[in-house]
Number of protein chains: 2
Amino acid sequence: MAMRARQSQRRRQTLSRESIIEAAVELLDAAGESGLTVRALTERLATGSGAIYWHVGTRGELLDAATDTVIAAALATDPAQAPDTPQDEIRVVALGLFDAIAEHQWLATQLAIQLTRTPWEPVTLGIFESIGRQIRALGVPRGNWFTATSALVQYILGATIQNAQIGPNAPLVAPDVDRAEFLDAASIAWQELDPDKYPFMRAIADQMRQHNDREQFLAGIDLVLTGITNLHPPTGQAHIAE
Amino acid sequence: MAMRARQSQRRRQTLSRESIIEAAVELLDAAGESGLTVRALTERLATGSGAIYWHVGTRGELLDAATDTVIAAALATDPAQAPDTPQDEIRVVALGLFDAIAEHQWLATQLAIQLTRTPWEPVTLGIFESIGRQIRALGVPRGNWFTATSALVQYILGATIQNAQIGPNAPLVAPDVDRAEFLDAASIAWQELDPDKYPFMRAIADQMRQHNDREQFLAGIDLVLTGITNLHPPTGQAHIAE
DNA sequence: ACCTGAACACCGTTCAAGT
DNA sequence: ACCTGAACACCGTTCAAGT
């Protein structure tokens, strides 16, 4: 009853930049990047196209704003959680991005696009800063900060992008039901490849079917952290021969 | 004179799938993904839109075909080159991808899109197989093949995508002139960030200006290889606690 | 078998006009 | 200041018609 009252009280709550971005994310989640059209948006918000341009600008800017919003939310660490070790902090940030992309599959492409742009846009900046602080906390020598942070961020993004395979709006709570089917299909496809062209893929088809995405992802992060720990100290920029 | 004869002999060499893909790559190189339109393509090839659909299918399929073609060429190792060590082979493959993206900037997004699709498409398959063989040659225990290959491929793709920043058709021969300006601008932008929000980015602004893309990329690969070498041997899939 | 190109449905964006 | 929505230029795709 309160609902009906609130609904009829105002035909629509006043339009705002935030409400437009929110609606855009919903469209993107439901139908992917091509699902976000100005017309679909104006219909959902019961407004005209000019209103979108007034509040947020072009479709491209709206896409950027949606990406910024979702990434910022994923990066915001729960302050109630114990600080733990730098390694754990890194895992929290990385899994935050990982889960955000699983939930919003369109983010994978959008992240890639943002990455190839200038490195002083909020998304790239926020990810680098989050990871970089933990690299520093890890005791990595100052001269290796940039190399270590770059490598870790790039691994996280590559892995995260490749893992956005579950389809739009993957279930967060339910276990990986569809995922199991997906892995089975992929494993079978690999096993049926030409043995002369793809001997290696056939050899790992079984491992890939049994793997768990998140465990695999965390194993990769540990792997990179091991590499970072073993980085030879900075000695000028010499010695890269060949 | 032979040229003129051949030119007038037939108003245009017969259309083919290959010639269409070739023209598509040229358009993409010149103007990015949005530069590839069916109309621009038909104009350049002096044909009708139906011909494109007859030979290659939709615009999306053409984009895939262009990606496949360029990636396959980048992956094809020069057989004249000495086999070297597995490590060197990995560097050759990785730099091949790195340079391909520097030359064809649109590849970055396209690669990300292909990655998020099914893992039995030629691009993903080819990259995994190339890298995986060297992981095997490296003597990595069989149980770690999938983990090691995934981590390395994902790092390579993340790094490679992020490095496609130079702009369309970066000079292959000329030294990184524009690149230096780009790094300067980024470094300055980082130095002017809010010290409270981005202390780490300000701290590494200098390192980032001085870094060399390819050296940094190779350092990252070495780092991941170090991590792979130190992977604990597979012991079933237990022990991932927490 | 291979190609033409008009026609169609659908885009993003603008902007005079309203309140 | 904020919004409307018709109009415009531009898409990808189809398909009857040609050769």
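Chain naming here is simple, since letters A, B, ... match the order of the sequence lines and numbering starts at 1 in each.
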**Q.** Main-chain N/O of A:T124 paired with A:Q114 side-chain donor or acceptor, under 3.5 Å
**A.** no
Q | Worked check of side chain to side chain contact (heavy atoms under 4.5 Å, CB included) between B:L63 and B:Q110 | A | CA-CA 8 Å; B:L63 218 33; B:Q110 220 47 37; 3.5 Å; yes
(Q) Assess the residue pair A:F200 and B:I131 against the criterion (side chain to side chain contact (heavy atoms under 4.5 Å, CB included)); give the C-alpha distance rounded to whole Å, side-chain angles, the decisive distance to 0.1 Å, and a yes or no. (A) CA-CA 9 Å; A:F200 184 80; B:I131 297 295; over 6 Å; no
Q: Report the secondary structure of DNA chain D in dot-bracket form, marking unpaired bases with a dot and bases paired to a different strand with |, and treating Watson-Crick or G-U pairs with both distances under 3.5 Å as paired.
A: ||.|||||...|||||.||
Between atom [atom1] in [X] and atom [atom2] in [N], what is the gap in whole Å?
{"X": "B:I52", "N": "D:dT14", "atom1": "CD1", "atom2": "P", "answer": "14 Å"}
{"X": "B:L15", "N": "C:dC3", "atom1": "CG", "atom2": "P", "answer": "5 Å"}
{"X": "B:H55", "N": "D:dT14", "atom1": "NE2", "atom2": "C1'", "answer": "17 Å"}
{"X": "A:L45", "N": "D:dC2", "atom1": "CG", "atom2": "P", "answer": "16 Å"}
{"X": "B:R17", "N": "C:dC2", "atom1": "CZ", "atom2": "P", "answer": "14 Å"}

Taking only distance into account, with no hydrogens and no angle test, what donor-acceptor pairs under 3.5 Å do side-chain atoms of residues 34-41 of chain B form with protein atoms, sequence neighbours excluded?
| residue | atom | partner | partner atom | Å |
| --- | --- | --- | --- | --- |
| B:T37 | OG1 | B:A40 | N | 3.0 |

Q) Going by atom types only, do B:T118 and B:E121 share a side-chain donor-acceptor pair under 3.5 Å? A)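 Distance-only check passes for B:T118 and B:E121.
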Listed pairs, N/O of protein and of nucleotides 8-13 of chain C, under 3.5 Å:
| residue | atom | partner | partner atom | Å |
| --- | --- | --- | --- | --- |
| C:dC11 | N4 | A:R39 | NH2 | 3.4 |
| C:dG12 | OP2 | A:V38 | N | 3.0 |
| C:dG12 | N7 | A:R39 | NH1 | 2.7 |
| C:dG12 | O6 | A:R39 | NH2 | 2.8 |
| C:dT13 | OP2 | A:Y53 | OH | 2.8 |
| C:dT13 | OP2 | A:R59 | N | 2.8 |
| C:dT13 | O5' | A:Y53 | OH | 3.1 |

Q) Do B:E89 and B:R133 sit within salt-bridge range, that is, some charged N less than 4.0 Å from a carboxylate O? A) no
Q: Could you check whether the rings of B:W190 and A:F128 sit parallel, tilted or perpendicular, using 30° and 60° as the cut-offs?
A: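 Correct class here is tilted.
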Q. Any idea how B:F146 and A:H211 line up, ring-wise: parallel (<30°), tilted (30 to 60°), or perpendicular (>60°)?
A. tilted
Q: Please state the P separation for the pair C:dA17 and D:dC2 - nearest whole angstrom.
A: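 22 Å, rounded to whole Å.
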Q | Pair A:L218-A:R91, side chain to side chain contact (heavy atoms under 4.5 Å, CB included): steps then yes or no | A | CA-CA 7 Å; A:L218 290 175; A:R91 293 188 191 103; 3.9 Å; yes
Q | Listed partners of A:E33 passing salt bridge (Lys or Arg N to Asp or Glu O under 4.0 Å), at least two apart | A |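 Counting only residues at least two positions away or on another chain, A:E33 forms a salt bridge (Lys or Arg N to Asp or Glu O under 4.0 Å) with A:R59.
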Dump the pairs, protein N or O against N or O of nucleotides 16-19 of chain C, anything under 3.5 Å, distances to one decimal.
none

**Q.** Pairs flagged by salt bridge (Lys or Arg N to Asp or Glu O under 4.0 Å) wherever residues 62-76 of chain A is involved - sequence neighbours left out
**A.**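 Every pair satisfying salt bridge (Lys or Arg N to Asp or Glu O under 4.0 Å) with a residue in residues 62-76 of chain A: A:D64-A:R117.
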